[in-house]
Amino acid sequence: MLDHGTLDTGHVNPVDALRHRMRHSAAHIMADAVLKLFPEAKMGIGPPIHDGFYYDFDVSRPFTPEDLERIEELMNETISASHSFLREEISREDAKELFAGQPYKLEIIDGLADEETLTIYRHSDFVDLCQGPHIDNSGDIPAVKLLSVAGAYWRGDERRPMLQRIYGTAFESTEALADHLARLEEAERRDHRVLGRQLGLFSIHDEIGPGLIVWHPKGGRVRTIIEDYWRDLHYRRGYDILYSPHIGRAQLWETSGHLDFYRENMYAPIDVDDQEYFLKPMNCPFHIMVYRSSLRSYRELPLRYAELGTVYRYERSGVLHGLMRVRGFTQDDAHIFCRPDQVVSEVDGVLDLTFELLKDFGFTDYSISLSTRPEKAVGDPELWDHATASLRQALEGRNLSFDMDEGGGAFYGPKIDIHITDALGRSWQCTTVQFDFNLPERFDLVYQDSEGGRSRPYMVHRAILGSVERFMGILIEHYAGAFPLWLAPVQAVVIPIADRHIEYAEVVKTGLAEAGFRVEVDGRSERMNLKIRNAQMQKVPYMLVVGDREQEDSAVSVRHREEGDLGGMALEALVERLNGELARK
RNA sequence: GCCCCGGUGGCGCAACGGAAGCGCAGUCGAUUUGUAAUCGACAGGUUAGGGGUUCGACUCCCCUCUGGGGCUCCA
């Protein structure tokens with residue numbers, strides 16, 4: 001039961017204590033400014049967050065960009081005025097009196113345990129209920145900027161009122177702020193939705209439906225390369241590859257428990273000859289059917305069944321986002337059925353495969369978490385202990401550092417999640433390795449053990465990429481669309497200088513194609529400069545200019561996407577260079 | 001689902017309630033070019049869809065669809 005995950009912004013950078021305090025204080029200063037401009041505003045909460053801070057307000061109308069400017073101006077005045085931040089302890093009664101006009105603050109006070117000491121922080125004539133800590137003086141915020149406004153439910157609860165949230169950030173220097181803003185711009189520049197269009201990778205259509213992707217020739221090419229690589233890797237690692245249908249009978253999903261526990265993510269049933277069928281939200285039941293198709297012996301375990309399985313899940317319309325959050329996607333799913341004595345080496349094998357794969361895609365920074373048994377869980381606690389210990393042992397055996405997420409496992413088993421860090425330092429959860437003590441029970445999976453009895457196998461779900469769509473979205477942003485040679489949909493464009501060179505350009509193309517490369521000829525009646533520009537903008541790794549000189553020498557003039565003009569080269573020398581580059585991935 | 005902001009030729013954007021325009025892409029023609037944009041012409045839109053207000057609607061109002069930013073960082 002694999003989720004394809006979300007952008008986890010919590011693991012980006014450990015929050016520097018100074019920034020944390022500074023941003024917290026900036027939130028107060030912002031609230032101060034908002035109250036000056038909107039005296040009737042009711043304050044929600046205003047914490048520092050990983051890249052800045054926010055504060056929520058209940059106001060009669062949403063804030064406009066002009067409001068933000070005015071608020072920022074007032075904030076800068078407060079900062080320049082160098083007010084001290086003063087901490088005070090306060091009794092519950094006094095606090096209630098002080099915040100009599102602030103219903104949300106009163107709610108917070110009422111929600112705090114009796115033994116907790118209430119504190120307030122003051123600067124100038126502003127006061128807020130707050131446990132701190134803060135900087136000493138408002139003058140100690142060298143750079144602050146308000147970024148955006150958004151609706152946010154009080155306490156994140158959609159049944160509670162929606163407040164207006166202002167996001168901002170603060171840094172210890174104007175340079176650090178500028179760096180941060182540049183990073184935000186860079187992220188915008190790399191937006192996979194924009195690049196996906198510009199590079200002809202994929203599109204989304206009203207006519208097809210939201211959250212549903214169609215891959216264009218170039219995107220299809222990249223995807224094929226990824227999938228071929230994936231299949232090859234899995235066969236090498238002892239997996240078998242399965243294919244399963246997109247729909248299955250209601251009874252299957254009843255047995256699996258999905259209709260009881262996952263129905264809100266599933267689409268309405270399809271009527272087939274008066275029988276209900278459901279689009280699959282997961283692949284596991286199908287793989288289990290393969291397992292169950294014959295009596296399994298302990299000798300044939302482990303069985304590793306993998307599939308690039310396309311699943312459909314209902315996602316609320318507001319959360320859909322390009323390739324990152326969609327309604328139909330392909331999991332690089334696998335289920336490992338094994339004996340207790342095989343668990344550690346199987347988990348280790350998954351980790352080994354994961355790191356090989358992620359490295360090949362250019363990801364070398366990870367953060368790993370191990371999640372243990374939650375309150376509500378199925379399965380024998382002894383099994384949980386064994387499985388959790390095995391996960392830990394596999395991680396420790398590889399000297400990997402990891403965080404413990406106590407109680408963070410799924411109800412059906414403990415898990416390891418791996419977050420990868422991309423070129424911009426953003427963190428994404430892709431890989432997950434999860435034990436499942438639920439489905440083997442529900443489907444009564446057994447194997448014939450060495451004692452002649454029947455034993456229940458361990459079942460491990462795992463996905464490395466997570467979802468192929470989402471992984472490609474991450475890759476596009478990681479590489480800013482400039483895929484490395486092995487992934488580039490078009491590896492080289494041959495650019496004839498004049499029409500009389502087209503014939504030779506085709507010869508070059510054929511030669512490279514026979515050597516296994518993906519090459520196109522730009523035979524338009526345009527200037528070389530334009531063709532170079534187009535190829536650069538399409539982020540094609542190599543441009544091969546051919547004119548009289550090259551034709552004469554059976555050579556090409558090589559221009560590299562990043563390195564620029566590399567000069568003339570014989571075709572064989574180019575092939576050697578390309579192969580060398582491919583070998584390094 | 002909820003809040004806010006959007007939806008105008010394939011794409012990116014203009015147009016006060018008073019003649020729907022620009023750039024890119026496309027097509028055609030000329031040009032035959034040496035490392036990031038040659039010149040010219042042509043073509044392309046029931047302004048997302050539906051309803052309403054108005055002498056008149058891209059523009060104002062309502063509904064639907066859809067895109068974006070958020071809605072789990074907790075005094």
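In what follows, every chain begins at residue 1, and chains take the letters A, B, ... in the order their sequences are listed.
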Trace of the salt bridge (Lys or Arg N to Asp or Glu O under 4.0 Å) decision for R193(A) with D191(A): CA-CA 5 Å; R193(A) 295 164 301 177; D191(A) 190 320; 2.4 Å; yes
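- Contact annotation: Y167(A) side-chain N/O to C71(B) OP1/OP2 distance is under 4.0 Å.
- The shortest distance between the side-chain N/O atoms of R23(A) and the OP1/OP2 oxygens of C73(B) is not below 4.0 Å.
- Taking only side-chain nitrogens and oxygens, R527(A) comes nearer than 4.0 Å to OP1 or OP2 of U38(B).
- Rounded to an integer number of Å, the gap from CG of D110(A) to P of C74(B) is 21 Å.
- H134(A) and S25(A) share a donor-acceptor pair across their side chains, judged by distance under 3.5 Å alone.
- Taking 4.0 angstrom as the limit, R165(A) places none of its side-chain polar atoms (N or O) nearer than this to OP1 or OP2 of G69(B).
- Side-chain atoms of E550(A) come within donor-acceptor range of the base of G34(B), with a qualifying N/O pair under 3.5 Å.
- Only the P atoms considered, A36(B) is 49 Å distant from G50(B), to the nearest whole Å.
- Separating the C1' atom of A15(B) from that of G1(B) is a span of 36 Å, rounded to the nearest Å.
- Listed pair R559(A) / G34(B) fails the phosphate criterion, with no side-chain N or O lying under 4.0 Å from OP1 or OP2.
- Closest approach to the I532(A) side chain among U33(B), C74(B), A36(B) is made by A36(B) (side chain taken as heavy atoms from C-beta onward).
- Considering only heavy atoms from C-beta on, M22(A) stays 4.5 Å or farther from D140(A) through its side chain.
- Using a 4.0 Å cut-off, no side-chain N or O of H20(A) falls inside it from OP1 or OP2 of C73(B).
- Here R524(A) does not reach the OP1 or OP2 of U27(B): none of its side-chain N or O atoms lies under 4.0 Å away.
- Residue Y153(A) has no polar side-chain atom (N or O) positioned under 4.0 Å from OP1 or OP2 of C3(B).
- Interface remark: the D206(A) side chain does not form any donor-acceptor pair with the U66(B) base, using a distance-only criterion of under 3.5 Å.
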Pair K36(A)-D32(A), salt bridge (Lys or Arg N to Asp or Glu O under 4.0 Å): steps then yes or no: CA-CA 6 Å; K36(A) 284 197 175 94; D32(A) 180 12; 3.0 Å; yes
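- Ion pairing between a basic and an acidic side chain is recognised when a charged N comes within 4.0 Å of a carboxylate O; E89(A) and R87(A) show such pairing.
- Among the heavy atoms of the strands lying under 4.0 Å from H321(A) are primed sugar atoms or P, OP1, OP2 only; no base atom is included.
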